[in-house]
Asker: 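So that we are looking at the same thing, I have put the structure below in structure tokens.
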Amino acid sequence: MLRVRFAPSPTGFLHIGSARTFIFNWLYARRNGGTMILRIDDTDVGRNTEASLQSIYEGLHWLELGWDEEYRQSERLGLHKQVAAAIFEKGIAYRDFTPADTGEGDRDRGEGAWLFHAEMRNLSREESDRRAEAGEPFALRFRVPRGQERIVQFTDAVYGEQAKSTADIEDFALLRSDGLPTYHLASCADDADLRISHVVRGQDHLSNTFKHVLIFDAAGFPPPQFAHLPLLVAPDGTKLSKRRHGPVVSVTTYRDAGFLPHAFVNFLCLLGWSPKDDRERMDRQELMDAFSFEGINRSNAVVNFKEDDPFDPKALWLNAEHIRALAIEDLADRLLPFAEAAGLRARREKMIRVTPLIRERIKLLRDVATVADFFFVDELPPYDQAELAPDKGDAALAERVLQHACKVLSEIPFEHDSLEGTLRAAAKEMGIKTGQMFQPVRVAVCGRKNAPPLFATLEVLGRETCLKRIGEAIRKLADS
RNA sequence: GGCGCUAUCGUCUAACGGUUAGGACGGAGCCCUCUCAAGGCUCAAAUACGGGUUCGAUUCCCGUUAGCGCUACCA
């Protein structure tokens with residue numbers, strides 16, 4: 001039975017790197033009919049926050065992926081301690097009464113790395129029991145095989161054969177002096193207990209995996225299959241972090257800007273994984289069908305954001321691609337809340353008519369506020385009247401164009417083809433180019449030069465609004 | 001410092017040891033066109049460096065350099 005898990009620790013908002021780890025786990029599970037497990041790794045009580053837990057759920061729900069089972073590590077402390085005790089009883093762990101390292105310390109920089117406190121590792125069981133009973137605090141450490149060197153090895157589904165000498169592995173802690181399990185112990189105990197078959201996680205854990213193999217071995221559990229993922233890094237090559245890179249690393253930032261969850265998932269998948277057939281835009285089913293560990297590469301991927309633009313241009317492009325692939329009504333419904341948030345009074349019926357006009361002009365859902373605002377306001381925001389002047393023309397021409405437009409537009413059916421025919425004829429009649437005819441009308445009606453196609457826009461806006469706005473433009477021109 | 005991992009256009013990436021080193025984003029240009037987009041076409045842009053192995057290395061091996069990760073009683 002294939003079982004995978006995503007195990008975030010609630011010490012910050014849902015990070016896009018974590019989201020990608022979740023996605024790859026999910027894809028692997030769904031692809032192979034396995035079970036997806038969400039395990040909240042909250043053993044670090046000091047750093048856990050409720051807000052962060054909410055952020056994780058919020059982000060995960062937005063992705064619309066879901067999971068089959070859910071656990072809370074803090075509720076499984078008994079299991080962890082039991083596994084620790086079992087290892088201790090086998091003599092593969094020992095109590096270390098050395099006070100916790102406070103930080104700076106002169107901790108042995110220079111020659112090699114610290115491996116263990118000899119006095120503690122060699123403490124007799126009697127002495128150890130006596131001190132423990134007397135209430136002296138201690139950490140429980142794994143007794144990494146010394147004496148003759150041993151090679152710890154495993155095969156990573158992405159990075160291949162991995163080997164490391166026990167001479168390079170320190171006696172890491174299993175339990176802290178407050179009795180709580182460390183990440184290594186809790187993670188392995190839970191993975192074994194939950195019968196996780198594949199551990200798919202960030203490459204930052206690749207070197208920890210040797211310790212994990214040791215733990216599984218000591219506890220008598222068969223180790224799962226491991227698959228490590230290359231990391232997501234900032235343009236400067238450093239690991240993405242909340243402190244250094246701010247909101248760009250938070251999943252909710254993407255949601256709030258108007259990314260489609262499917263587009264976001266698509267983008268994240270392309271970072272460190274490839275279907276190897278040049279496909280870029282892929283829907284959920286395609287991703288599921290194409291996913292495999294062979295497609296994952298081994299070098300870190302840069303999320304290409306900038307100071308002034310938090311989003312990777314490729315993410316933006318992919319989002320635009322997904323937006324264009326959406327059915328009109330679906331897109332309109334997704335646009336509505338963004339229009340509302342921007343203070344636009346948008347009704348669904350109207351939005352459905354506007355959507356076809358803007359869907360090729362927006363990259364983010366929130367762009368509806370800047371691209372389609374004029375469809376939903378009573379009063380056009382102020383604009384520079386110089387914009388009304390057509391190419392190779394002046395304010396006087398603009399005024400004549402608008403007067404004429406006003407006249408012809410009040411007499412015809414307000415529908416695309418008749419609007420086009422009428423305005424083209426008007427241009428001819430006035431002896432000017434069509435562009436010179438259209439632009440003043442466009443600016444008068446939209447309040448700007450760059451807008452969706454004119455005739456469809458006029459049709460959606462309706463005769464009353466158009467004539468009113470053209471009238472206002474004429475007045476502006478006359479006033480100056 | 002020790003150990004581990006990695007190295008193809010600016011970025012994401014493709015290439016059973018044999019390709020004019022491919023695609024995409026972004027950039028430039030052209031076309032289309034009522035503006036802006038979208039779309040089509042074109043261009044610039046990469047195998048980190050040095051040694052091997054081989055008839056032939058982006059590809060395999062070694063070294064150098066660089067980056068990243070781990071080296072906590074964080075995860």
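Chain letters run A, B, ... following the sequence lines, proteins first, then strands; residues in each count from 1.
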Asker: Please determine whether a side-chain nitrogen of the Lys or Arg among A/Asp191 and A/Arg39 lies less than 4.0 Å from a carboxylate oxygen of the Asp or Glu.
Answerer: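 Yes, charged N to carboxylate O under 4.0 Å.
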Asker: Does A/Arg448 make a cation-pi contact with A/Tyr383 (under 6.0 Å, within 45 degrees of the axis)?
Answerer: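 No, cation not above the ring by the 6.0 Å, 45° rule.
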Asker: On a whole-Å scale, what distance lies between the C1' atoms belonging to B/U11 and B/U54?
Answerer: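 These two C1' atoms come out 35 Å apart once rounded.
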Asker: Which comes earlier along RNA chain B counting from the 5' end, the contact point of A/Lys211 or that of A/Leu206, where each point is its nearest nucleotide?
Answerer: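 This one resolves to A/Leu206.
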Asker: Within the 4.0 Å heavy-atom criterion, would you say A/Asn208 contacts the bases, only the backbone, or no part of the nucleic acid?
Answerer: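 It contacts base atoms.
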Asker: May I ask you to say what A/His205 touches in the nucleic acid, namely base, sugar-phosphate or nothing, with a heavy-atom cut-off under 4.0 Å?
Answerer: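 Base contact.
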Asker: Between B/C16 and B/A28, how many Å separate the two C1' atoms, rounded to a whole number?
Answerer: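 Looking at atom C1' only, B/C16 and B/A28 are 38 Å apart.
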Asker: Is A/Lys314 salt-bridged to A/Asp312, cutoff N-O under 4.0 Å?
Answerer: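 Looking at A/Asp312 together with A/Lys314, the answer is no, because their closest N to O distance does not fall below 4.0 Å.
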Asker: State the pairing partner of B/G18; accept Watson-Crick or G-U wobble contacts with both distances under 3.5 Å, and report none otherwise.
Answerer: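 Across all strands, the one nucleotide that pairs with B/G18 is B/C55.
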Asker: A/Arg353: which residues meet the side chain to side chain donor-acceptor pair (under 3.5 Å) condition with it, sequence neighbours left out?
Answerer: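 Partners of A/Arg353 under the side chain to side chain donor-acceptor pair (under 3.5 Å) test: none.
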Asker: How do A/Ser274 and A/Asp42 order along RNA chain B: which one's closest nucleotide is nearer the 5' end?
Answerer: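 On the 5' side of the pair lies A/Ser274.
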Asker: Does the ring center of A/Phe210 lie less than 6.0 Å from the ring center of A/Phe154?
Answerer: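 That pair passes the under 6.0 Å test.
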Asker: Got a donor-acceptor pair under 3.5 Å from the side chain of A/Thr434 to the base of B/C34?
Answerer: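 When only heavy-atom distances are counted, A/Thr434 does not reach the base of B/C34 through any donor-acceptor pair under 3.5 Å.
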Asker: Between A/His212 and A/Phe216, is there a side-chain heavy-atom distance shorter than 4.5 Å?
Answerer: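 Yes, their side chains come closer than 4.5 Å.
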Asker: Does a side-chain N or O from A/Gln436 land closer than 4.0 Å to OP1 or OP2 of B/C34, or not?
Answerer: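 Answer no for this pair, as no side-chain N or O of A/Gln436 is under 4.0 Å from OP1 or OP2.
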Asker: Donor-acceptor pair under 3.5 Å: do we get one between A/Arg361's side chain and the base of B/C36?
Answerer: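 Between B/C36 and A/Arg361, which were checked side chain against base, a qualifying N/O pair under 3.5 Å is present.
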Asker: Given B/A75, is OP1 or OP2 found less than 4.0 Å from the side-chain N or O atoms of A/Thr43?
Answerer: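 For A/Thr43, the contact criterion (side-chain N or O under 4.0 Å from OP1 or OP2 of B/A75) is met.
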Asker: Taking pairing as Watson-Crick or G-U wobble with both contacts under 3.5 Å, can you name the mate of B/C25, or confirm there isn't one?
Answerer: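 Partner of B/C25: B/G10.
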Asker: Take nucleotides 19-32 of chain B nucleotide by nucleotide from the 5' end and write B, S or -, depending on whether a protein heavy atom sits under 4.0 Å from the base, only from the sugar-phosphate, or from neither.
Answerer: ---BBBSS------
Asker: Under 4.0 angstrom, heavy atoms only, what part of the nucleic acid is A/Glu420 near: base, sugar-phosphate, or nothing?
Answerer: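 No contact.
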Asker: Could you check whether A/Asn297 gets within reach of a base, just the sugar-phosphate, or nothing at all, counting any heavy atom under 4.0 Å?
Answerer: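 Sugar-phosphate: the residue A/Asn297, judged by heavy atoms under 4.0 Å, touches backbone atoms but no base.
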Asker: A/Tyr254 and A/Phe311: aromatic ring centres closer than 6.0 Å?
Answerer: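 Between A/Tyr254 and A/Phe311, the centre distance is under 6.0 Å.
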